[in-house]
S.K.: 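The structure follows.
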Amino acid sequence: MTKMLELETKEDRMELLSQTAASFVERAKKHDENATFPFENFEDLHSIGYPSLSIPKKYGGGGIPLDELLTYQQIIGKADGSTALSIGWHMGIMKHLGENEVWKEETYAAVAKDVIENGALLNNAATEPATGSPTRGGRPGTSAIQEENGWIINGRKTFTTMAPVLQYFVVSASIEGTEDVGSFLVNRDQAGVSVEETWDSIAMRGSGSHDLILENVKVEKNDLAEMLSSKKRTPAGWLLHIPACYLGIAQAAQKEAVEFAMNYSPNSILGTISELPNVKKKMGDVELLLMESRHFLYSVAKKWDVSSEDIRKTMGAELGAVKLSVTNKAVEAVDLAMRIVGARSLSQQSNLQRYYRDVRAGLHNPPMDDMTIMQLADQSIKSLQ
């Protein structure tokens, strides 16, 4: 049994994770500057068994509720946004697949066993240059051709976060000769699978979101894990790992700014700038933004945890609203933190300039703001009909 699974309380697990993530802070600066992947962070998370926490208990995992998962993701986000966003995809997908029995049981059980015993990691590979975000509904250019003994897959996927350490890619592909789209489980070790290091973003530079290349990759019949085209998109509570990450980044920016204000004393004033009304106003505004975000994020997460499947199906607009609100508030909070510190926050030596770049990545994670606003508008209309 892994360390985090051995601990009986959420508080003990939080303490262990906080201790583990403490070393991520200094590493984040180095990996951001060099656009390198933080392999050490993932080794540390594996060493305490973190990747298995979201796997249901019947498969040997921790079976933690969504509320608890978000707490941990926020801790990691405060230490290093790239690591939090990356591991969050694995944690959320494994939770979703296991709880909803999306795949055949033997397929999920085999992957879960690999995660628990070997620290294997998994993520979706869905985005492509021609289709943009998969939430927009574009048909994948990646193709799957059926053969007698399985499938041959060809294509290129972009934004494959955590690509340097992924053992499993869940690949969306159009099934040749049909209008169907399937989700295929592809093992990194299969012939024809490669990663091209294309990630050159100014945000989340340590997330390793490179291109996945699939060249005549042969997979087994059973590796067609799920048919996607016939399914209506259902609300996904696990995607709240995204705003939890950005809330963590905003918390880190708040800490940096408040500590600066409490210690900076220019010779034009007595005391520190933390006592100046204009600075206190900004600090108060940041605290309000983060307080609102915490309450919104965790109240909806707790609602998800205790709700029936029928109630969860109605929560799409609410989940989208959380992501929109928390992420945009995080962007605003980081901006205010930089205003507190002033021009020094733009120095490459300041962590704030990294938080500023990283937090903006949340604006481009699903669901998109415009889609959420349209969904909320439809909900308001429906409520009055």
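FYI, the numbering just counts along the sequence from 1.
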S.K.: Under a 3.5 Å distance rule, please check whether Asp305 uses its side chain to pair with a backbone N or O of Leu66 as donor and acceptor.
M.R.: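 Yes: the side chain of Asp305 pairs with the backbone of Leu66.
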S.K.: Is there a donor in the side chain of Asn41 and an acceptor in the side chain of Thr83, or the other way round, less than 3.5 Å apart?
M.R.: yes
S.K.: Inspect the contact between Lys30 and Glu40 and indicate whether a charged nitrogen and a carboxylate oxygen are less than 4.0 angstrom apart.
M.R.: yes
S.K.: Looking at Glu309 and Lys313, is any side-chain nitrogen of the basic one under 4.0 Å from a carboxylate oxygen of the acidic one?
M.R.: no
S.K.: Run through Glu256, Gln74, Lys78 and flag the one making a side-chain hydrogen bond (donor to acceptor under 3.5 Å, both in side chains) with Gln251.
M.R.: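 That would be Gln74.
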S.K.: Is there a donor-acceptor pair closer than 3.5 Å between any side-chain N or O of Lys157 and the backbone N or O of Ser172?
M.R.: yes
S.K.: Are the charged groups of Asp67 and Lys10 less than 4.0 angstrom apart, N to O?
M.R.: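 Salt bridge: yes.
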S.K.: Please determine if Lys281 and Asp285 form a salt bridge, counting it only when a charged side-chain N lies under 4.0 Å from a carboxylate O.
M.R.: yes
S.K.: As a test of understanding, state which of Val219, Ile213, Leu212 forms a side-chain contact (heavy atoms from CB on, under 4.5 Å) with Val193.
M.R.: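 Running side-chain contact (heavy atoms from CB on, under 4.5 Å) over Val219, Ile213, Leu212 with Val193 returns exactly one hit, Leu212.
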S.K.: Is it true that Glu196 and Arg156 make a salt bridge, defined as a side-chain N closer than 4.0 Å to a carboxylate O?
M.R.: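 The answer is yes: the pair qualifies as a salt bridge.
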S.K.: Is it the case that Thr36 and His31 place a side-chain donor and acceptor less than 3.5 Å from each other?
M.R.: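 Looking only at side-chain atoms, His31 and Thr36 do form a donor-acceptor pair, the distance falling under 3.5 Å.
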S.K.: State whether Tyr50 and Arg13 meet the cation-pi test: NZ (Lys) or CZ (Arg) under 6.0 Å from the six-membered ring centroid, and within 45° of the perpendicular axis.
M.R.: no
S.K.: Between the side chains of Glu287 and Lys255, is the shortest nitrogen-to-carboxylate-oxygen separation below 4.0 Å, so that they form an ion pair?
M.R.: no
S.K.: Is Ser82 reaching over with its side chain to a backbone N or O of Gly206, donor-acceptor style, under 3.5 angstrom?
M.R.: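 Yes, Ser82 side chain to Gly206 backbone: donor-acceptor pair under 3.5 Å.
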S.K.: Is it the case that Gln167 and Asn187 place a side-chain donor and acceptor less than 3.5 Å from each other?
M.R.: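 There is such a pair (donor and acceptor under 3.5 Å, judged by atom type) between the side chains of Gln167 and Asn187.
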S.K.: Salt-bridged, Glu101 to Lys58, with N to O below 4.0 Å?
M.R.: yes
S.K.: Tell me yes or no: between the side chains of Asp358 and Tyr246, is some donor less than 3.5 Å from an acceptor?
M.R.: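 No pair is found: no donor N or O on one side chain lies under 3.5 Å from an acceptor on the other.
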S.K.: Backbone N or O of Ser207 within a donor-acceptor pair of the Thr161 side chain at under 3.5 Å?
M.R.: no
S.K.: Under a 4.0 Å threshold between the charged nitrogen and the carboxylate oxygen, would Arg27 count as salt-bridged to Asp32?
M.R.: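 No salt bridge links Asp32 with Arg27.
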S.K.: Taking the inter-plane angle between the rings of Phe39 and Phe37 on a 0 to 90° scale, is it parallel (under 30°), tilted (30 to 60°) or perpendicular (over 60°)?
M.R.: perpendicular
S.K.: Tell me if a side-chain donor or acceptor on Tyr356 pairs with a main-chain N or O of Val331 at a distance below 3.5 Å.
M.R.: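 It does not hold such a pair.
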